Amino acid sequence: MSPSSAVSSAAPSDFSGLWVPLITPFRRDGAVDHASLTALVRRLAPTGIAGFVVCGSTGEAAALDEVEQLAVLATVAAAAPALPRVMGLSGYHLGKTLDWVRRLADQDLCGLLVPAPSYIRPSQRGLLTWFTAIADASRVPLIVYDIPYRTGATLSLDTLRALATHPRIRALKDCGGDMAKTRALIADGALQVLAGEDAQIFSTVAEGGAGAIAASTHVETAKFVQVLRLIGEGRLAEARPVWQALQPLIALLFAEPNPAPIKAWLADAGVIGDGCLRAPMTPASNAVRERLRAAAQAEG
């Protein structure tokens, strides 16, 4: 089946708006805490977000096996069935990745978030091969995840433009660190550009980007939604002070490796358990937890 004929059977996807890349709560015994995940999803669902990204890097997906990932996805779907879900992918073995994509075909997803293969550092031609093969195999559209500091591979502007011609490659989660490339892609209009760096949400959306996938939006979610709404309505002067007030929070939530500070904040708020992470990830330090508590009290 050709890409163009396959995509016609799937509903078109709009990835605009604010997407929350969910954490995966764990119990003290190391198992996934599905009760906490349900509570978190139900807390976030009515805030005006566009949907959820499940099993991304914020969700510690690399530490979850396939059975666990499917169970997490099922929990999110049951907790907020009306909101669309994007599933994160990762890895570097193309054959195994394609098998996983085909296994996900019977899941109720609106898209897949796909980074470059980690560690391999392929050429631009190799990156084209990687993303094209995954898009060909997928039932749903792809969000290309450009995050060189995790994968070791940078997607060039020409490569992204070439990928944008594929009928199932619809959007970009932009962590590339190159605002000139971001602006060029926004100007092209072939991909929906989503800010992937939390501190760049305002600038990306104000430049014409479609939205954001941002981990810090677990906290003060409605304010992030408000910022995007105000920018979309052209009310930049009103959006700016709301956004500026969020800057210390964003910096604090990334003071240590993500998602440790976010889990600590949510645990202190009673939304999840004690914020356990799977090794080699470690919980937030006591110093950061104290800063988080002070910030929470100030927000409260």
Side-chain angles (χ1 to χ4, degrees), residues 6-7 9-26 32-91 97 99-115 134-135 137-145 147 168-173 191-192 194-196 210-218 221 224-225 228 258-259 262 266 271-272:
V7 76
S9 65
S13 292
D14 175 14
F15 296 111
S16 62
L18 184 66
W19 295 77
V20 178
L22 286 165
I23 63 158
T24 303
F26 298 115
V32 175
D33 185 347
H34 289 278
S36 288
L37 180 59
T38 297
L40 175 62
V41 169
R42 289 177 177 169
R43 174 189 176 103
L44 294 170
T47 58
I49 61 174
F52 294 108
V53 176
V54 183
C55 294
S57 52
T58 300
E60 298 174 76
L64 300 172
D65 63 30
E66 291 183 356
V67 172
E68 289 175 317
Q69 290 192 34
L70 291 174
V72 166
L73 180 60
T75 293
V76 176
L83 281 182
R85 293 168 295 282
V86 169
M87 188 72 168
L89 299 185
S90 61
T97 301
D99 287 344
W100 181 231
V101 169
R102 296 183 187 106
R103 189 175 174 189
L104 292 171
D106 62 352
Q107 301 296 317
D108 186 12
L109 297 170
C110 72
L112 299 175
L113 177 63
V114 184
I134 294 170
S138 178
R139 183 184 61 84
V140 295
L142 267 58
I143 303 172
V144 173
Y145 190 1
I147 184 161
R168 267 194 300 278
I169 296 179
R170 305 276 183 81
L172 171 72
K173 180 179 179 183
L191 293 172
Q192 289 186 300
L194 305 172
I213 301 174
S216 57
T217 59
H218 283 83
T221 315
F224 284 95
V225 172
L228 264 65
N258 180 49
I262 292 171
L266 294 171
V271 181
I272 66 171

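All of these numbers come straight from a predicted model, not from anything done at the bench.
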Whether Arg170 side chain and Ile143 backbone form a donor-acceptor pair below 3.5 Å: no

Working for side chain to side chain contact (heavy atoms under 4.5 Å, CB included), residues Leu73 and Leu109: CA-CA 9 Å; Leu73 180 60; Leu109 297 170; 3.7 Å; yes

Donor-acceptor contact present, side-chain Thr217 to main-chain Ala214, <3.5 Å: yes

Shortest non-hydrogen contact between Ala215 and Thr58, atoms and distance: CB-OG1, 3.6 Å

Nearest-0.5 Å distance that lies between atom OG1 in Thr97 and atom CD1 in Ile134: 5.5 Å

Candidate pair Gln107 and Leu70, rule side chain to side chain contact (heavy atoms under 4.5 Å, CB included), full reasoning: CA-CA 9 Å; Gln107 301 296 317; Leu70 291 174; 4.0 Å; yes

Smallest separation among heavy atoms of Val72 and Cys55, with atom names: CG1-SG, 4.2 Å

Nearest non-hydrogen partners of Ala50 and Ser16, listed with the distance: CB-O, 3.4 Å

The single option from Leu266, Ile272, Val271 passing side chain to side chain contact (heavy atoms under 4.5 Å, CB included) against His218: Leu266

Side-chain donor or acceptor of Arg85 paired with backbone N/O of Phe52 under 3.5 Å: no

Salt bridge (Lys or Arg N to Asp or Glu O under 4.0 Å): pairs with one or both residues in residues 63-79, sequence neighbours excluded: Glu66-Arg103, Glu68-Arg278

Nearest-0.5 Å distance, CD of residue Gln69 to CE of residue Met87: 4.5 Å

Trace of the side chain to side chain contact (heavy atoms under 4.5 Å, CB included) decision for Leu22 with Val53: CA-CA 6 Å; Leu22 286 165; Val53 176; over 6 Å; no

Distance (rounded to the nearest 0.5 Å) between Asn258 CG and Ile23 CD1: 9.5 Å

Side chain to side chain contact (heavy atoms under 4.5 Å, CB included) evaluation trace for Val86 with Phe15: CA-CA 9 Å; Val86 169; Phe15 296 111; 3.9 Å; yes

Closest heavy-atom pair and its distance - Ser138, Val101: CA-CG1, 3.6 Å

Atom pair SG/CH2 of Cys110 and Trp19 - distance to nearest 0.5 Å: 3.5 Å

Atom of Ala80, atom of Val41 and distance for their closest heavy-atom approach: CB-CG1, 3.5 Å

Rounded distance (nearest 0.5 Å) linking atom OG1 of Thr75 with atom CG of Leu37: 5.5 Å

Distance in Å, Leu113 CG paired with Ser57 OG, rounded so as to fall on 0.5 Å steps: 8.0 Å

Contact check, side chains of Thr24 and Leu64, non-hydrogen atoms, under 4.5 Å: yes

Side-chain heavy atoms of Leu18 within contact of Ile213, under 4.5 Å: no

Counterpart residues, salt bridge (charged side-chain N to carboxylate O under 4.0 Å, His left out), relative to Arg42 (two or more places apart): none

Polar side-chain atom of Gln192 near backbone of Ala210 as donor-acceptor pair, under 3.5 Å: no

Which atom of Ala135 lies closest to which atom of Ile169, heavy atoms considered: CB-CG1, 3.8 Å

